[in-house]
Amino acid sequence: MGWAIALHGGAGDIPHSLPPERRLPREACLRHCLQIGVDALTSRKSPLDVVELVVRELENNPHFNAGRGSVLTTSGTVEMEACIMDGKSMRCGAVSGLTTVVNAISLSRLVMEKTPHIYLGFKGAEAFAREQGIETVDASHFITQENVERLKQAKEANRVQVDYTQPVEKDVKRDELKPDGDSQIGTVGCVAVDSEGNLAAATSTGGLVNKMVGRIGDTPIIGAGTYANSLCAVSATGKGEAIIRGTVARDVAALMEFKGMSLQEAAALVVGDRVPKGHVGLVAVSATGEVTMPFNTTGMFRACATEDGHSEIAIWDS
């Protein structure tokens, strides 16, 4: 048994030809955030503190689809969502429809700790943020020029777009278009376990490019995009509707709990069988310090480290 941490920056149709100017800043951010998490774990911060800390840092990086850099709805607005869960107590908090909160993950933790509820959304969540004195900014802070262009592409292609899908060429006929267009950035998440086997998971996202106003994805839904119990902690990424249908995060835990599977076996079965190919990736750790990061997409921005010295930052299959 030992501590372990894993984080992701989204899964999807990430081409091996991804230009260095898109790839390198994301890899650098993953490396930076992984070190933050490792330092926090080795200084004996709780896994709950660790995953919040790491996801906050990922939210603040405009290269990922969470916090600053969140993708835009069909109306050109941002609606962010996040979830955090503690494995030992199974306490959890979630938020959706945020437009001004700098760090959605921290508000989700306040929902967990300061209210009798699990999930707050939209105006109610925003009002709660103001009551708690959490940092807020004008909604324009979250809107990047890149995401304005992504929304324009999505509208031209008349489609909703998921993480890292490829650009639609303007001279391609509509009936030749790929199922998804270009979003190029991904949902973020982190899972951690300390040397005593305490677990936590956190996930944050801006959702889908050109999503309907009011759409809620898998990220804030306990058991879909985020889950933690005494056996494992899971954070998923990909096509939210498919992840919700597959109850992805909970199914990993359930296979361990009821079938006695290892973390790696359970995660591989869920990613391989429960969700259509091209739709999901996840990072997970177990109470015994195992790590797994499977995906059925072309790639997934991901990183992990364990107490025994293993460390990895990757995008595609090795």
Side-chain angles (χ1 to χ4, degrees), residues 48 51-52 55-62 64-86 91-144 147-148 150-151 154-155 160-163 183 185-189 201-227 235-237 239-241 243-244 249:
L48 196 65
V51 297
E52 181 188 4
V55 170
R56 280 177 62 95
E57 196 72 14
L58 289 162
E59 286 174 336
N60 292 339
N61 188 299
F64 295 107
N65 178 15
R68 171 127 172 95
S70 290
V71 297
L72 307 181
T73 70
T74 189
S75 295
T77 57
V78 165
E79 290 184 355
M80 300 169 287
E81 50 195 29
C83 181
I84 195 167
M85 187 165 185
D86 176 66
R91 297 176 69 207
C92 44
V95 291
S96 280
L98 301 184
T99 60
T100 69
V101 176
V102 173
N103 292 112
I105 196 64
S106 293
L107 186 62
S108 68
R109 183 168 180 178
L110 286 172
V111 171
M112 178 183 81
E113 294 179 340
K114 303 291 187 180
T115 81
H117 309 304
I118 289 174
Y119 196 158
L120 291 181
F122 299 89
K123 291 181 179 178
E126 289 278 338
F128 178 64
R130 291 191 295 272
E131 288 172 13
Q132 293 297 312
I134 198 167
E135 185 180 4
T136 59
V137 292
D138 188 85
S140 62
H141 165 82
F142 302 101
I143 299 175
T144 65
N147 282 338
V148 171
R150 289 186 189 104
L151 178 61
K155 285 180 175 292
V160 175
Q161 300 173 353
V162 298
D163 291 348
S183 78
I185 55 175
T187 294
V188 304
T203 317
S204 182
T205 190
L208 299 176
V209 183
N210 200 28
K211 66 181 180 179
M212 292 176 64
V213 172
R215 179 262 186 186
I216 293 170
D218 66 288
T219 290
I221 297 178
I222 302 301
T226 311
Y227 192 74
S235 174
T237 177
K239 184 65 181 290
E241 284 72 11
I243 294 170
I244 293 169

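Just so we're clear, the structure is a prediction, and the values are computed from it rather than from any experiment. Heavy-atom basis, side chains included; hydrogens, waters and symmetry copies ignored.
Annotation: side-chain hydrogen bond (donor to acceptor under 3.5 Å, both in side chains) contacts of Thr203 (sequence neighbours excluded): Thr226, Ser235. Every side-chain hydrogen bond (donor to acceptor under 3.5 Å, both in side chains) that Thr77 has, sequence neighbours left out, goes to Thr73. Partners of Ile222 under the side chain to side chain contact (heavy atoms under 4.5 Å, CB included) rule, at least two apart in sequence or in another chain, are Cys83, Met85, Cys92, Ile118, Tyr227. Partners of Ala224 by side chain to side chain contact (heavy atoms under 4.5 Å, CB included), not counting sequence neighbours, listed by chain and number: Asp218, Ile221, Ile243, Ile244. With sequence neighbours left out, Arg68 forms a side-chain hydrogen bond (donor to acceptor under 3.5 Å, both in side chains) with no residue at all.
Looking only at distances, no side-chain donor or acceptor of Arg150 sits under 3.5 Å from a matching main-chain atom of Val71. A distance-only check finds a donor-acceptor pair linking the side chain of Asn60 to the backbone of Arg56 [under 3.5 Å]. For the pair Lys211 (side chain) and Leu72 (backbone), a donor-acceptor distance under 3.5 Å is absent. The closest donor-acceptor contact from the side chain of Asn103 to the backbone of Ile105 lies at 3.5 Å or more, if one exists at all.
Counting only heavy atoms from C-beta outward, the side chains of Ser70 and Asn65 approach each other to under 4.5 Å. Considering only heavy atoms from C-beta on, Ile84 stays 4.5 Å or farther from Arg91 through its side chain. Side-chain contact between Val101 and Phe142 is absent, with no heavy-atom pair separated by less than 4.5 Å. Two residues are said to be in side-chain contact when any heavy atoms from C-beta on lie closer than 4.5 Å; Lys239 and Leu208 meet this criterion. At a threshold of 4.5 Å between non-hydrogen side-chain atoms, the residues Glu52 and Glu57 do not count as touching. The shortest distance between side-chain heavy atoms of Val111 and Tyr119 does not fall below 4.5 Å.
Evaluation of the salt bridge (Lys or Arg N to Asp or Glu O under 4.0 Å) test over residues 74-86, restricted to residues two or more places apart or in two chains, returns none. Residues in residues 112-135 take part in these salt bridge (Lys or Arg N to Asp or Glu O under 4.0 Å) pairs, two or more places apart or across chains: Arg109-Glu113.
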Start with the C-alpha distance between Thr100 and Thr136, add both sets of side-chain angles, then the distance that settles side-chain hydrogen bond (donor to acceptor under 3.5 Å, both in side chains), and finish with yes or no. CA-CA 5 Å; Thr100 69; Thr136 59; 4.7 Å; no

